[in-house]
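Here is the structure we will look at.
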There are 2 protein chains.
Amino acid sequence: MARIVDVAREAGVSTATVSRVLNGKDVNRELAAKVRSAVENLGYIPDRTARSLRRGASDVVALVLPDIENPFFTAVARGVEDVLHGAGYSVVLCNTDDDPGKEGRYLGVAEHENMAGVLIAPASGQPQLDALLDRGRAVVVLDRQVERPVDQVAFDNQALGERCARELLASGFHRIACITGPVGTRTAIERASGWSRALGAVGVDAPEDLLVHANFRVDGGYEALAHLLDLPEPPDAVLATNNLVGVGVLRALADSHVALTGHGRGDSAGAPVPGGAVGVGIIGDLPFATSRTTDVHLVPLNPRALGTTAAQLLLERLTDPGSPVRSIVQTVAPVGARH
Amino acid sequence: MARIVDVAREAGVSTATVSRVLNGKDVNRELAAKVRSAVENLGYIPDRTARSLRRGASDVVALVLPDIENPFFTAVARGVEDVLHGAGYSVVLCNTDDDPGKEGRYLGVAEHENMAGVLIAPASGQPQLDALLDRGRAVVVLDRQVERPVDQVAFDNQALGERCARELLASGFHRIACITGPVGTRTAIERASGWSRALGAVGVDAPEDLLVHANFRVDGGYEALAHLLDLPEPPDAVLATNNLVGVGVLRALADSHVALTGHGRGDSAGAPVPGGAVGVGIIGDLPFATSRTTDVHLVPLNPRALGTTAAQLLLERLTDPGSPVRSIVQTVAPVGARH
DNA sequence: TTGTATGCGTTATCAG
DNA sequence: CTGATAACGCATACAA
């Protein structure tokens, strides 16, 4: 394996000069050329470990996610990797299962491995970022905002909830339920608040019994829908605030032999018929749906773009640690989407 | 940040002794106790970077996968991470998109980053493992076997194909098509061969025009099914050899308004009716199916277990580099599965 | 600009 | 069994 000394010898210069060439410092053009050809000849690639030790920080970035089996987050991961691999960083995926304890452990690992930075979609509202921030590590929070001065990227969740609810209203549904995530999850709260707001805007108070907090997974949506169908006055439509909850809702409908419909009855009079058709709105996508979803009101997100944006923010933070903190809100996709 | 010298001073010993205690070498009990309490007091955690530089290998393992957005592989990743994180290793996910070029680049990175080992589901039949193996790095091939003396874990793919085809035969289907992956992908070939064999066992030659090679993604299954339905004599059932192809098949059926049925007509006489119901068998699972899949003949896999097995193999290789190479074939789940 | 020499934090060698 | 010290490979302060 070629080392920097080998390159130095081959090029007839010192290791310092080789290092400078490789790191873009000012070096005499001729010497630089010699160095480059020596690097080429020997197939020299710098040892990242030594470089990390010397620099005090590695070229690894931790991507800390609540659920790596959720296609939303795998798409985020792809966006992140596209950007960071291109910039010479490696990405380590960490799965927290939405458990603050696990999350804390991973953040500790990131700290003690001297990782260059951390991208995190926090499990709780208070991820333990202090140690990392105190040490000046680059940190970007994504998808779920936190109340701290730290770089962030997220969707406008309230707008998403509002828009999805509005689509359902516009399709003639009246009694619209909302199945959202845990009360401790910020995206869940915000999207539900958008639903509530949309209903308020047409003079309907969001009925408390139609707001269900579930977990943000398939079983959460499934059970929540079963519960809603059992109500004395069941809803005529359901808004699922994330993709997996949406899957659970659709599956529960199929299992209950309740039809899915894209349009409500439109007559403001009648209550929904128990056992009749139900409308469904979902914030997010259905990547592996096995049937057509033309009757589902999807408000698509772009998790991959969320990932690329977050990664770019991290790169900028790495190059300019002193720049002011930025909080970016991804705008909601402009086009009305009925897939 | 506490360093090893700080611990040494606090405990009144040399750094060498601290290192020995931390690495489980023989040390006087009293001194060891002092060291441990000093470690505790200072909250000392060894710098992995320095350790890696000194040891010549890091504690990072690369997990090289063809498609990180396929739930099959994310499940593999979870299995791998469960085991390796528990053993003190970090896992870096690398996505090759089934592109041998990308794969080669990642393997190069793994080599030059001095990673402890590599777990790989190869994109091609000849992944470039020589450099890693020559340097004595631990390598485990998973899911897709290669013709080399290297540790491997895979399913019995032919048995899987055979079993799925048999289920369809047992349900009364006669003209069974097979949609499998690219000709260059070993699992695709083997599972198709199982299908062929099952048909042969009941005296039916596997019709060439009913074997379709697609890519192993949703669009592959979708297009392949459309093609099959257009045949002069369409099949009455389809065997999808992986999960995503299965999703594509189901989606195509839904889009074509072709019904899905669990049972064939059973009368050996008639050819399938064009536009009539079609049976579906899938090797793998449908994690995010949005409708009931009771009529689908699923042959479930356990990708997470594949991951844990592969990771354990890697750990054993790391601790005992000289042990003989092992090739493990995961047995097919025993119970007949009709979900 | 270039070279020399030192240090990053840990582990392994070697002498005691 | 323990301690002093060299070495892993690279980047930088300092001197030239």
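Hydrogens, waters and symmetry mates are skipped; everything else that's a heavy atom, side chains included, is used. Nothing here was measured: the structure is a model prediction, and the numbers come from that model. In what follows, chains are A, B, ... by sequence order, proteins preceding strands, each numbered from 1.
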Show me, pair by pair, the donor-acceptor contacts under 3.5 angstrom made by side chains of residues 64-78 of chain B, not counting sequence neighbours?
{"residue": "D67(B)", "atom": "OD1", "partner": "E69(B)", "partner atom": "N", "Å": "3.0"}
{"residue": "E69(B)", "atom": "OE1", "partner": "R78(A)", "partner atom": "NH1", "Å": "3.4"}
{"residue": "N70(B)", "atom": "OD1", "partner": "F72(B)", "partner atom": "N", "Å": "2.8"}
{"residue": "N70(B)", "atom": "OD1", "partner": "N243(B)", "partner atom": "ND2", "Å": "2.8"}
{"residue": "N70(B)", "atom": "ND2", "partner": "N243(B)", "partner atom": "OD1", "Å": "3.4"}
{"residue": "T74(B)", "atom": "OG1", "partner": "P71(B)", "partner atom": "O", "Å": "2.9"}
{"residue": "R78(B)", "atom": "NH1", "partner": "E69(A)", "partner atom": "OE1", "Å": "3.4"}
{"residue": "R78(B)", "atom": "NH1", "partner": "D97(A)", "partner atom": "OD1", "Å": "3.2"}
{"residue": "R78(B)", "atom": "NH2", "partner": "D97(A)", "partner atom": "OD1", "Å": "3.2"}
{"residue": "R78(B)", "atom": "NH2", "partner": "D97(A)", "partner atom": "OD2", "Å": "2.9"}

- Side-chain heavy-atom pair L84(A), L63(A) within 4.5 angstrom cut-off: no
- Task: Give a yes or no on whether the backbone of N114(A) and the side-chain of R137(A) come within a donor-acceptor separation of less than 3.5 Å.
- Result: no
- One would report the end-axis bend of the helix from dT1(C)-dA16(D) to dG16(C)-dC1(D), five pairs per end and rounded to 10 degrees, as 40°
- Message: Taking salt bridge (charged side-chain N to carboxylate O under 4.0 Å, His left out) as the definition, give me every residue that meets it alongside D98(A), ordered by chain and number, with sequence neighbours left out.
- Response: R144(A)
- Query: What string of B, S and - do you get for nucleotides 8-16 of chain D, 5' to 3', when a contact is any protein heavy atom under 4.0 Å?
  - Reply: BBBBBB---
- Message: Expected output is a numbered-order residue list: members of residues 31-38 of chain B with a heavy atom under 4.0 Å from any atom of DNA chain D. What is it?
- Response: L31(B)
- Item | Approximate separation, where rounding is to 0.5 Å, of D143(A) CG and I120(A) CD1 | 11.5 Å
- Message: Taking CD in Q128(B) as the centre, count heavy atoms belonging to other residues, nucleotides or ligands within less than 6.0 Å. Is the count above 12?
- Response: no
- Message: Using the side-chain contact (heavy atoms from CB on, under 4.5 Å) criterion, which residues pair with V150(A)? Sequence neighbours excluded.
- Response: L133(A), V139(A), V141(A), V146(A), R148(A), Q152(A)
- Task: Under the side chain to side chain contact (heavy atoms under 4.5 Å, CB included) rule, what do H85(A) and N95(B) come out as? Steps first, then yes or no, please.
- Result: CA-CA 11 Å; H85(A) 279 151; N95(B) 194 73; over 6 Å; no
- Within the distance-only criterion (no hydrogens, no angle test), does the side chain of T185(A) pair as donor or acceptor with the backbone N or O of T187(A) below 3.5 angstrom? no
- Point-to-point distance, once rounded to the nearest 0.5 Å, from CD of Q330(B) to CG of L142(B): 10.0 Å
- Message: Please list, in numerical order, the residues of residues 105-117 of chain B that have a heavy atom closer than 4.0 Å to any atom of DNA chain C.
- Response: none
- Give every residue pair that meets the salt bridge (charged side-chain N to carboxylate O under 4.0 Å, His left out) criterion with at least one member in residues 115-124 of chain B, sequence neighbours excluded. none
- Note on the structure: In short, salt bridge (charged side-chain N to carboxylate O under 4.0 Å, His left out) pairs touching residues 14-31 of chain A with sequence neighbours left out are none
- Could you state the interatomic distance from CG (D47(A)) to CD1 (I45(A)), rounded to the nearest 0.5 Å? 10.5 Å
- Message: R48(B): which residues meet the salt bridge (charged side-chain N to carboxylate O under 4.0 Å, His left out) condition with it, sequence neighbours left out?
- Response: E113(A), D59(B)
- Item | Summary of salt bridge (charged side-chain N to carboxylate O under 4.0 Å, His left out) pairs that have at least one residue in residues 2-14 of chain B, sequence neighbours excluded | D6(B)-R9(B)
- Task: On DNA chain C, reading 5' to 3', which nucleotide is the first and which the last to sit with an atom under 4.0 Å from a heavy atom of chain A, could you check?
- Result: dT1(C) to dG9(C)
